[in-house]
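Notes to accompany the following structure.
FYI, side chains are in, hydrogens and waters are out, and symmetry mates aren't considered; it's all heavy atoms of this structure. Positions are given from 1, in the same order as the sequence printed here. These figures come from a predicted structure and were not determined experimentally.
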Amino acid sequence: QVQLVESGGGLVQTGGSLRLSCQASGLSFSDYTMGWFRQAPGLGREFVTAISWHSTTTRYTPSVKGRFAISRDNTLNTVYLQMNSLKPDDTAVYYCAAGPKSTVVLSTANIDYWGQGTQVTVSS
């Protein structure tokens with residue numbers, strides 16, 4: 001049974017930082033591109049960032065570029081999201097996702113596995 005378990009969410013003030021982690025089990029972790037999506041209240045789930053299986057390629061949505069950093073450790077089956085300079089617009093449930101190894105272009109249409117989500121709230 002595949003499980004993606006996120007942790008590290010919480011409440012932070014504008015300008016603060018959080019680090020999310022996603023521990024994967026039940027899958028061959030290095031066979032997947034890993035990513036993060038987020039969903040704000042009343043909105044659809046949107047792509048945030050992705051990292052290739054060998055960590056050589058990353059992709060970010062423009063609104064987080066320069067503030068967020070994705071990384072992974074294939075020995076620990078874990079993907080991370082370091083979020084700096086947080087803004088109220090970053091408030092959302094953040095979801096870990098596993099997608100096809102062949103691409104870092106992830107969308108809700110090509111995700112194989114989802115985590116349960118972790119809440120990030122940025123106060124103004």
Side-chain angles (χ1 to χ4, degrees):
Q1 179 184 0
V2 175
Q3 285 191 308
L4 303 179
V5 180
E6 301 98 334
S7 61
L11 173 64
V12 64
Q13 291 185 331
T14 296
S17 298
L18 283 174
R19 188 193 195 206
L20 305 184
S21 299
C22 172
Q23 172 79 53
S25 61
L27 77 170
S28 180
F29 187 71
S30 59
D31 282 344
Y32 292 87
T33 289
M34 296 300 297
W36 292 91
F37 288 70
R38 65 186 180 186
Q39 187 165 15
L43 300 179
R45 194 169 297 189
E46 65 168 355
F47 169 80
V48 177
T49 181
I51 186 167
S52 62
W53 70 273
H54 41 44
S55 300
T56 57
T57 305
T58 58
R59 181 170 173 261
Y60 295 91
T61 193
S63 64
V64 308
K65 199 172 292 186
R67 300 188 298 122
F68 290 12
I70 189 171
S71 61
R72 66 189 291 166
D73 187 334
N74 288 347
T75 66
L76 297 177
N77 288 0
T78 302
V79 60
Y80 305 97
L81 180 62
Q82 178 66 44
M83 305 186 292
N84 300 324
S85 302
L86 282 161
K87 306 174 182 179
D89 284 351
D90 296 318
T91 295
V93 177
Y94 282 71
Y95 296 90
C96 178
K101 186 176 184 177
S102 57
T103 180
V104 290
V105 181
L106 297 185
S107 74
T108 55
N110 69 353
I111 296 302
D112 296 304
Y113 304 105
W114 292 100
Q116 82 288 349
T118 186
Q119 177 70 47
V120 171
T121 303
V122 185
S123 64
S124 56

Given the rule that I, L, V, M, F, W and Y join up when any side-chain heavy atoms are under 4.5 Å apart, are Y113 and Y95 in one cluster? no

Under 3.5 Å, is there a donor on one side chain and an acceptor on the other for Q119 and T121? yes

Please confirm whether the backbone N or O of V105 pairs with a side-chain atom of N110, one donor and one acceptor, at under 3.5 Å? yes

Mind checking whether L18 and L4 sit in one hydrophobic cluster, side chains of I, L, V, M, F, W, Y counted as touching below 4.5 Å? yes

Is there side-chain contact between V79 and I70, with at least one heavy-atom pair below 4.5 Å? yes

With the side chain counted from C-beta on, respond yes when P88 and T14 share a heavy-atom pair under 4.5 Å apart, and no when they do not. yes

Value rounded to 0.5 Å, distance of CG in D73 from OH in Y80: 5.5 Å

Verify the cluster assignment for L106 and V48: are they in a single hydrophobic cluster under the rule of side-chain heavy atoms below 4.5 Å apart? no

Checking W36 against M83 for the side chain to side chain contact (heavy atoms under 4.5 Å, CB included) test, could you report, in this order, the C-alpha distance in whole Å, the side-chain angles of both residues, the deciding distance, and whether it holds? CA-CA 12 Å; W36 292 91; M83 305 186 292; over 6 Å; no

What is the ring orientation for Y94 with F68, classed by angle as parallel under 30°, tilted 30 to 60°, or perpendicular over 60°? tilted

Check the hydrophobic clustering (I, L, V, M, F, W, Y; side-chain heavy atoms under 4.5 Å; chains of links allowed) and say if V104 and Y32 are grouped together. no

Spatial distance of atom CE (M34) from atom CG (L27) [nearest 0.5 Å]: 7.0 Å

Is the backbone of S52 close enough, under 3.5 Å, to the side chain of R59 for a donor and an acceptor to pair up by distance? no

Any idea which heavy atoms bring P100 and D112 closest together, and the distance? N-OD2, 3.8 Å

Is a side-chain N or O of Q39 found less than 3.5 angstrom from the main chain of A92, in a donor-acceptor match? no

Determine whether the side chains of T78 and Q23 contain a donor N or O and an acceptor N or O closer than 3.5 Å. yes

Approximate separation, where rounding is to 0.5 Å, of C22 SG and F29 CZ: 7.0 Å

Counting only N and O atoms by type, is there a donor-acceptor contact under 3.5 Å from the side chain of S30 to the main-chain atoms of W53? no

Among pairs that include at least one residue of residues 11-36, which meet salt bridge (Lys or Arg N to Asp or Glu O under 4.0 Å), considering only residues two or more places apart or in two chains? D31-K101

Just to verify, what does R67 make a salt bridge (charged side-chain N to carboxylate O under 4.0 Å, His left out) with, not counting sequence neighbours? D90

